[in-house]
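So the structure is just underneath, and the comments pick up after that.
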Amino acid sequence: MKKISVSLLCGCLITKGLFGQSSDLERILQEVELNNKELIAFSKYIEGKKLELASTNNLPDPQVAAFYLPFGNHANGDYSEFQISQSFEFPGIYGARSKWIESRQELLQQEFEARRKDILLEAKQYGLELIFLSKLKNIESGRLELSRRVFDQTTELFEGKQISVLVLNKAKIVWLQQQFLIKHLEARQQDVLLLLENLNGRVKIDWTQTTYSDDLSIPLFEKLWQSALVQDPELVKLKYQQSSAQQALRISKNQSLPDLALGYNYQGVRSDNFSGLYAGISIPLWSNRSKVKAAKSNLDYQSVFQQSYLSEKKTDVELQLDEYRLLFLKYNEYASTIPELASEQKLMEAYELGELSFMEYYSEINFYQEAIDAMLEMEYELHKLKSNLLKHQL
C-alpha cells in the first residue's frame, strides 16, 4: 500500500526551495528554441528583411550614354559623344539612413525576440502543467489505494450484515471515481506532452520532471521593472522606434539638399575632340514637400506613445505583482494550516478501527483532500504567474 503522510506531502508542496530535476524544463526550452518551425521560418524572414533594408542605402547604378550622329548635312565629319556618370544624394543622407537602417533592423530583431519569448513561455507553461499533473497524479494514486481499502472493508461489513447495500455502493462509487480520475490525469498528461512536442517541431520529448525546478521567490518591483526595461522586447522596441523616427526626420531634412552627379564626357568630330568632367545637380523644389513636417509629426507621436505605453506596462506589472503577492499569502496560510488537520492516513486508521462511520470518514476525507487540492492549484498558479512576470528573462 502506498502511504501519503503529511510530512511527505508538505515536503512536495510547501518548500520554497524546491530542488527538483531542473534539467528537463531547461533542456526542453533550449530544444524548442532550436526546433520550433515558426521561429526557424521567422528567423529566415527577418534575415531577408534586414538585407532588404540594407539595400535601400546603396548608390544608384552608374549611367552610360553614347551618341553617334552620321546623318544630316555636315562637312566636318560624323559627330560622336560618350558619357559616363554617377549620381548620388547629398553625402549627409547616407549616414542618417545608415543609422535609420540599423534602428529598423534592430526593431525586426526585437520582433523576433518577442515571438521567441512568447513561444518559450507557452512551452514553459506546458512544462509547469506537466509537473502539476504529475504531482496531482502521485497524490491521487495514494487516494486510489485508500479508496480501495475502504471498499474492501465495507464489503466485509456488508457481508457481515453490519452495513446496508447503500453504503457499500457509495464506497464502490468513490473507488470507481478515483480510478476514472487517474485515467483522466494520464490522458491530460499525454495531451499536454503532445502540445509541447508540437512546439518542439514535432520532435519527441522525454519528460521525467516531477517537481518545480525553481522556488517561489520573486524580485521586488523596482528590480523587476528595471530588468524588464532592458530585456523585454516590447519595451526595448520603444527605444529603437524613437531612434528610427529621429533618423527619419534627419533624412527628410537632408533630402531638401540637392542630389549630385559626377562623370566623364567625351565629344568628337573627325580629328577634333573634347573631353572632361561632367557635373550635375538636381534642385528638390517639389519632391520633399511636407516630408519634414510628416517626419516631425511621427517623432512627436513616438515620444507621446512611448510615455503612454511605459505607464500602461508599468501598471500592468504592478497589478500582476499584487495578484502574485495576495495568492502567495493565501498559499502560505494553507501551507501552515494543513499540517494541523488529520491526514488521510490517520482518517483511514480511525475508520478501520471503527471510530468513524463511512459517512463521517467520507466527509472528513473530502474536506482534507479539497484543501490539499486547493494548495496544489495555488502552487501551480503561483509558478505560472511568476513565469509570466519573468517572461522577459527567457
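Just so it is clear, the structure is predicted and the values come from calculations on it, not from any experiment. The residues of the chain are indexed from 1 along the displayed sequence.
Connection of Leu121 to Val32 is established within a shared hydrophobic cluster, with ILVMFWY side chains joined at heavy-atom distances below 4.5 Å, either directly or through further cluster members. With hydrophobic clusters built from ILVMFWY side chains whose heavy atoms lie under 4.5 angstrom apart, Phe42 does not share a cluster with Val236. Following chains of ILVMFWY side-chain contacts shorter than 4.5 Å, one can reach Leu59 starting from Ile281, so the two form part of one hydrophobic cluster. Leu107 and Ile251 fall into different hydrophobic clusters, where Ile, Leu, Val, Met, Phe, Trp and Tyr residues are linked whenever their side-chain heavy atoms come under 4.5 Å apart, directly or through other members. Under a hydrophobic clustering in which Ile, Leu, Val, Met, Phe, Trp and Tyr are joined whenever their side-chain heavy atoms come within less than 4.5 Å, directly or via other members, Leu176 and Leu185 fall into different clusters.
Two residues are said to be in side-chain contact when any heavy atoms from C-beta on lie closer than 4.5 Å; Trp100 and Arg250 fail this criterion. Considering only heavy atoms from C-beta on, Leu310 comes within 4.5 Å of Leu229 through its side chain. Counting only heavy atoms from C-beta outward, the side chains of His392 and Leu235 never approach each other to under 4.5 Å. Between Asn265 and Leu277 the shortest side-chain heavy-atom distance does not fall below 4.5 Å. Between Tyr240 and Gln109, every side-chain heavy-atom pair lies at or beyond the 4.5 Å cut-off. Under the 4.5 Å side-chain criterion, counting only non-hydrogen atoms from C-beta, Pro284 is not in contact with Gln255. For the pair Gln190/Leu194, no side-chain contact is recorded, criterion being any heavy-atom separation below 4.5 Å from C-beta on. In this structure, the side chains of Leu146 and Gln369 stay at 4.5 Å or more apart for every pair of heavy atoms.
Surrounding CG of Leu220 are at most 12 heavy atoms belonging to other residues, nucleotides or ligands under 6.0 Å away. Heavy atoms of other residues, nucleotides or ligands lying less than 6.0 angstrom from OH of Tyr45 number 12 at most. Counting non-hydrogen atoms of neighbouring residues, nucleotides and ligands closer than 6.0 angstrom, the CZ atom of Phe367 reaches no more than 12 such neighbours. Other residues, nucleotides and ligands contribute only 12 or fewer heavy atoms inside 6.0 Å of the CD atom of Gln63. Glu312 CD: 12 or fewer foreign heavy atoms inside a 6.0 Å radius.
Remark: of the listed residues Lys313, Lys391, Lys117, Lys313 is the sole one forming a salt bridge (Lys or Arg N to Asp or Glu O under 4.0 Å) with Asp232.
The CD1 atom of Ile283 sits 13.5 Å away from atom OG of Ser256, with the distance rounded to the nearest 0.5 Å. Here CD of Glu186 is found 7.0 Å from CD of Gln189. Values are rounded to the nearest 0.5 Å. Note: Leu39 CG to Lys44 NZ = 13.0 Å, rounded to the nearest 0.5 Å. Glu33 contributes atom CD, which lies 10.0 Å from atom CD1 of Ile119 (distance to the nearest 0.5 angstrom).
Side-chain atoms of Tyr94 and Asn57 form no donor-acceptor pair, as typed in the model, at a separation below 3.5 Å. A donor-acceptor contact under 3.5 angstrom links the side chains of Glu106 and Gln110, judged on distance only. For the residue pair Gln246 / Lys99, no side-chain donor-acceptor distance below 3.5 Å is found, with atom types taken as modelled.
Judged as a side-chain contact (heavy atoms from CB on, under 4.5 Å), and not counting sequence neighbours, the contacts of Ser303 are Gln242. Here Ala245 pairs with Asn298, Leu299, Gln302 under the side-chain contact (heavy atoms from CB on, under 4.5 Å) rule; sequence neighbours left out.
Aromatic ring orientation, Trp175 versus Phe151: parallel (interplanar angle below 30°, classes split at 30° and 60°).
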Donor-acceptor list for residues 316-323 side chains, cut-off 3.5 Å, not counting sequence neighbours:
| unit_1 | atom_1 | unit_2 | atom_2 | d |
| --- | --- | --- | --- | --- |
| Asp316 | OD2 | Gln320 | NE2 | 3.0 |

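Looking at Thr337, its side chain never comes within 3.5 Å of a backbone N or O of Tyr334 through a donor-acceptor pair. In this structure, the side chain of Ser363 does not engage the main chain of Glu360 through any donor-acceptor pair within 3.5 Å.
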Report task. Go through the steps for Glu52 and Lys49 under the test salt bridge (charged side-chain N to carboxylate O under 4.0 Å, His left out), then give the verdict. Result -> CA-CA 5 Å; Glu52 185 180 325; Lys49 282 296 183 181; 3.7 Å; yes

Next on the checklist: salt bridge (charged side-chain N to carboxylate O under 4.0 Å, His left out), that's the test. Do Lys137 and Glu140 meet it? Break it down for me.
Outcome noted: CA-CA 5 Å; Lys137 182 185 172 185; Glu140 295 297 347; over 6 Å; no

